[in-house]
2 protein chains.
Amino acid sequence: MAKSQRGSQLADQIRGTGRRMTKARQAVIACLESAGLPLTHKQIARALREQGFEQTTVWRNLMMLVELGMVHRRELGDHLWRYELVRVEAAGPALAVVYFSCLSCSGLTPVSTEATPTLLQQSLPGVGRISEALLRGVCCDCAKAVERSGP
Amino acid sequence: MAKSQRGSQLADQIRGTGRRMTKARQAVIACLESAGLPLTHKQIARALREQGFEQTTVWRNLMMLVELGMVHRRELGDHLWRYELVRVEAAGPALAVVYFSCLSCSGLTPVSTEATPTLLQQSLPGVGRISEALLRGVCCDCAKAVERSGP
DNA sequence: TCGTGATCGCAATTGTGTTGCAATTGCGCC
DNA sequence: GGCGCAATTGCAACACAATTGCGATCACGA
């Protein structure tokens with residue numbers, strides 16, 4: 001049995017392109033897989049350093065995964081690239097990824113996008129097909145904190 | 001008569017905080033004002049170099065304007081900070097700024113937000129107050145180009 | 001098991017963003 | 001209009017994420 005179905009699936013894909021499935025590569029994928037959220041290069045590199053891998057290696061593997069379309073590289077407003085495994089169910093024509101980033105606490109929240117994509121797309125005719133959205137503002141918790149501290 | 005109402009208004013505000021209205025500062029504001037779109041530090045610095053100002057100066061003035069809330073600094077997905085004069089009419093509680101960034105041609109389009117804010121906010125309950133949104137995807141032109149080149 | 005080319009580790013480079021400091025300048029005050 | 005001084009500028013240097021070069025190492029098909 002595979003440790004991770006998605007992982008071994010990716011491994012096959014990678015080997016299918018004539019590339020090798022190295023330990024570093026496995027570790028990078030495992031790291032992204034277990035995270036669920038987009039991670040910065042730094043975060044991944046730090047996690048994998050304990051396993052003996054260099055940040056350069058991590059970076060190159062991430063870039064390779066991005067190139068193969070297995071990983072999304074994106075920018076979430078704090079000026080750092082973040083990497084995230086592409087989810088298979090997100091490959092459809094609808095809006096794939098929506099995040100909400102709090103300007104106050106810097107927290108990042110994935111937004112459930114069941115109804116949103118269509119709604120968003122419909123509400124903005126003529127902008128092309130939206131594949132991801134980054135929303136910024138003040139999250140509920142921070143808003144409450146502000147209310148409490150003063151009117 | 002003032003060259004620019006908004007500009008002299010900002011000048012007064014700046015002086016009101018005990019700061020000076022220098023030529024460099026005027027130039028930065030004028031540059032942002034005439035642009036309309038968010039500009040990168042590099043773009044602004046290049047424009048002002050012709051007028052004899054250093055990029056450091058430009059940067060510091062931008063930061064000051066950001067600090068005073070007169071300029072928005074934001075990241076539009078290409079890993080560069082962009083600066084834009086805060087529009088007075090955008091100060092309300094609704095969604096202020098929406099941009100659409102094309103993943104294919106890197107074009108940036110401001111999105112008209114007449115109805116969107118409420119819609120967006122309503123469609124995403126529980127995420128806090130959205131103050132800006134960056135949408136990414138493929139713009140109409142690029143989508144058409146792709147259609148033409150292959151099915 | 002072996003050979004070879006993909007990959008790794010290390011060191012160095014790039015480019016944006018940021019800070020330190022001495023020289024300069026805007027502006028209140030006379 | 002001129003003076004004084006603190007805010008501001010210009011230059012140089014620094015910080016740090018991102019990226020590249022290259023010789024050593026390792027995965028994997030034969």
Side-chain angles (χ1 to χ4, degrees), chain A residues 7-8 10-31 38-68 70-83 106, chain B residues 7-8 10-31 38-68 70-83 106:
Chain A
S8 63
L10 288 177
D12 289 346
Q13 262 186 271
I14 289 170
R15 270 191 275 259
T17 67
R19 277 163 240 255
R20 295 174 186 168
M21 198 54 204
T22 63
K23 285 170 191 165
R25 219 154 265 181
Q26 286 173 331
V28 168
I29 292 174
C31 182
L39 297 177
T40 63
H41 171 224
K42 197 177 188 175
Q43 289 174 310
I44 304 169
R46 189 179 301 157
L48 298 203
R49 180 162 308 146
E50 296 167 10
Q51 297 173 47
F53 300 110
E54 272 303 302
Q55 53 125 0
T56 317
T57 304
V58 171
W59 185 78
R60 270 192 274 231
N61 278 317
L62 286 169
M63 291 312 286
M64 189 217 67
L65 290 167
V66 168
E67 204 175 296
L68 293 183
M70 297 169 182
V71 162
H72 270 153
R73 171 163 111 154
R74 88 176 94 249
E75 160 64 56
L76 294 174
D78 54 2
H79 226 232
L80 295 170
W81 288 119
R82 284 167 194 268
Y83 302 84
S106 298
Chain B
S8 65
L10 287 177
D12 289 345
Q13 262 186 273
I14 288 170
R15 270 191 274 260
T17 68
R19 276 162 242 256
R20 294 173 186 169
M21 198 54 204
T22 63
K23 284 169 192 166
R25 218 154 266 182
Q26 285 173 330
V28 168
I29 292 174
C31 182
L39 298 177
T40 64
H41 171 222
K42 197 177 188 176
Q43 289 175 310
I44 304 170
R46 189 180 300 157
L48 298 203
R49 181 162 307 146
E50 296 167 9
Q51 298 173 46
F53 301 110
E54 272 303 302
Q55 53 127 0
T56 318
T57 304
V58 171
W59 184 80
R60 271 192 273 232
N61 278 316
L62 285 170
M63 291 311 286
M64 187 216 68
L65 290 167
V66 168
E67 203 174 298
L68 294 182
M70 297 170 182
V71 162
H72 271 154
R73 170 163 112 153
R74 86 178 96 248
E75 162 63 55
L76 294 173
D78 53 2
H79 225 230
L80 294 170
W81 288 120
R82 283 167 194 269
Y83 302 85
S106 299

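Atom CG in A/L62 sits about 15 Å away from atom C1' in C/dT7, given to the nearest Å. Taking atom CD of residue B/Q43 and atom P of nucleotide C/dT16, one finds them 12 Å apart after rounding to whole Å. The interatomic distance linking B/Q55 (CD) with C/dT19 (P) rounds to 13 Å, in whole Å. We find that CZ of B/R73 is positioned 15 Å from P of C/dT16, with the value rounded to whole Å. Taking atom CZ of residue B/R46 and atom C1' of nucleotide C/dT16, one finds them 13 Å apart after rounding to whole Å. Atom-to-atom, NE2 of A/H79 to P of D/dC16 comes out at 15 Å; the value is rounded to the nearest Å. In this structure, A/L39 atom CG and D/dA17 atom C1' are separated by 16 Å, rounded to whole Å. Between A/L80 atom CG and C/dT16 atom C1' there is a gap of 13 Å when expressed in whole angstrom units.
Residue-to-nucleotide proximity on DNA chain C shows that, of B/H41 and B/R15, the 5′-proximal contact is made by B/H41.
Note on B/W59: a side-chain N or O is less than 4.0 Å away from OP1 or OP2 of C/dT18.
When every heavy atom of B/Q51 is checked against every heavy atom of B/A27, the shortest pair comes out as OE1-CB, 3.6 Å. In terms of heavy-atom proximity, A/M64 sits nearest to A/I14 at CE-CD1, 4.1 Å.
Rounded to the nearest 0.5 Å, atoms CZ (A/R74) and CG (A/L80) are 14.0 Å apart.
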Query - B/S/- contact track for nucleotides 3-9 of chain D, protein heavy atom under 4.0 Å - result: ---BBSS

Report task. Please report the C-alpha distance between B/I29 and B/M21 in whole Å, then the side-chain angles of each, then the deciding distance to 0.1 Å, and finally whether the side chain to side chain contact (heavy atoms under 4.5 Å, CB included) criterion is met. Result -> CA-CA 11 Å; B/I29 292 174; B/M21 198 54 204; 3.8 Å; yes

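Aromatic ring centroids of A/W81 and A/H41 lie 6.0 Å or more apart.
A side-chain donor-acceptor contact under 3.5 Å links B/R19 and B/T17.
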